[in-house]
Amino acid sequence: MSLKLLKNMKLFSGSSNKSLAEEIASDLHLLISPSETVRFADGEVRVRISDDVKDQHVILVQSLSQPGDSNLMELCQFAQVLKKEKAGKITAIIPYLSYARQHKAHRAGEAVSVALVASFLKTSGISECVLLDIHEQDALNYFKMPVLHLSASDIFAEYIDSHRDDFGEDNLVIVAPDKGRKLEAENLASDLEAGFAVIDKLRHLDKTDEIDHNVLTGEVKNKEAVIFDDMISTGATAISAAEKCKENGAFHAYLLATHGVFSKTDNSHWENSAVDRVFVSNSIQIPAEKRYNKLENV
Ligand code: R5P
């Protein structure tokens, strides 16, 4: 295959999602520009680039997955040095944006973390961002730069459509695991001509992974339930929603989520859970030790 390099464009990858950066580079017929990221024993990070970037349009790919703070710092250092070396424009592709759940003070006295993240990105020199399924659209207001906000919804819809045998031809119901996901789940249900249900979720704000799923509204009895969420962190939301669906008579409970954060150190709790299969995008590179039988990349 002949490689046609785009003129005046360079692509750098942070360390968090190199496989996605490679796919993007290949789609753009670019090579990933050389760089070096060193993490010291105390966790501090140092970035170095060695290409000439003067007047270039630079694409930076970095997911803010775990270790989120360190990956954010790495991204900001890339932007800072690119700006110092006079890059013409810096586009950051951030498939997973951390801290987006803290888009407001949920209780008096809390900090609004995503506002800080947006200002770090701006201050470090990033000109524009590409984001994917940010937890809450309100968070976009903190970005004082152009943002292209993409959704994985269409990809999930295509996937289900082309695997109808697995998901059930006409007894599919899309389930929002909390009211915050109602609109997205309703849209997916309408694209797939499927039923729709929503669950009331109560998260105990003083504990991180305790969920009460109270009332399920909609019909899941004798149906294939597909829970649709933006992200999986501990898995508490999804597992509890799947239990609720099965208590209400669903045959199976599947989970679609854009971001597989998987914040627990091991994923054994999924194996015996009420969730039958889990589908995530590649916005976050999932390490081998966190992969488990039920998990698939779409
Ligand atoms: C919350 O509102 C989000 O949409 C997700 O449902 C949540 O962050 C998932 O977290 P966990 O897997 O820890 O329940």
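As the structure lists them, so they are numbered: ligands from 1, and atoms in each ligand from 1. Keep in mind that what you see is a predicted model, and the values were worked out from it rather than measured. FYI, the numbering just counts along the sequence from 1.
- Applying the 4.0 Å criterion to heavy atoms of Thr237 picks out, from ligand 1, the atoms 6 (O), 7 (C), 9 (C), 10 (O), 11 (P), 14 (O).
- Contacts between Thr234 and ligand 1 below 4.0 angstrom, taking non-hydrogen atoms only, involve backbone and side chain alike.
- Salt bridge status for Lys86 with Asp55: absent, with no side-chain N to carboxylate O gap under 4.0 Å.
- Ring pair Phe167/Phe279: centre-to-centre distance below 6.0 Å.
- Of all the atoms in ligand 1, the ones that sit under 4.0 Å from a non-hydrogen atom of Gly235 are 11 (P), 12 (O), 13 (O).
- Distances below 4.0 Å separate heavy atoms of His135 from the following atoms of ligand 1: 1 (C), 2 (O), 3 (C), 4 (O).
- Between Arg181 and ligand 1, a contact under 3.5 Å exists for no N or O pair.
- Within ligand 1, the atoms closer than 4.0 Å to a non-hydrogen atom of Lys201 are 1 (C), 2 (O), 6 (O), numbered from 1 in the order shown.
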inquiry  = Let's go through Lys294 and Asp276 carefully: what are the C-alpha distance in whole Å and the side-chain angles of both, what is the deciding distance for salt bridge (charged side-chain N to carboxylate O under 4.0 Å, His left out) to 0.1 Å, and is it a yes or a no?
reply    = CA-CA 7 Å; Lys294 294 178 177 178; Asp276 293 292; 5.7 Å; no
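- Residue contact annotation: Gly180 has no non-hydrogen atom under 4.0 Å from ligand 1.
- Ile155 and Leu131 fall into different hydrophobic clusters, where Ile, Leu, Val, Met, Phe, Trp and Tyr are joined by side-chain heavy atoms under 4.5 Å apart, directly or via other members.
- Per-residue contacts place Asp178 under 4.0 angstrom from the following atoms of ligand 1 (heavy atoms of the residue considered): 1 (C), 2 (O), 6 (O).
- The aromatic rings of His106 and His103 sit perpendicular, their planes meeting at an angle over 60°, well past the 30° parallel limit.
- Annotation: cation-pi pair Arg181/Phe228 present, NZ/CZ under 6.0 Å from the ring centroid and within 45° of its normal.
- Residue contacts with ligand 1 for Met231 involve both N, CA, C or O and side-chain atoms from C-beta outward (heavy atoms, distance under 4.0 Å).
- When ring centroids are compared, Phe120 and Tyr99 stay outside the 6.0 Å threshold.
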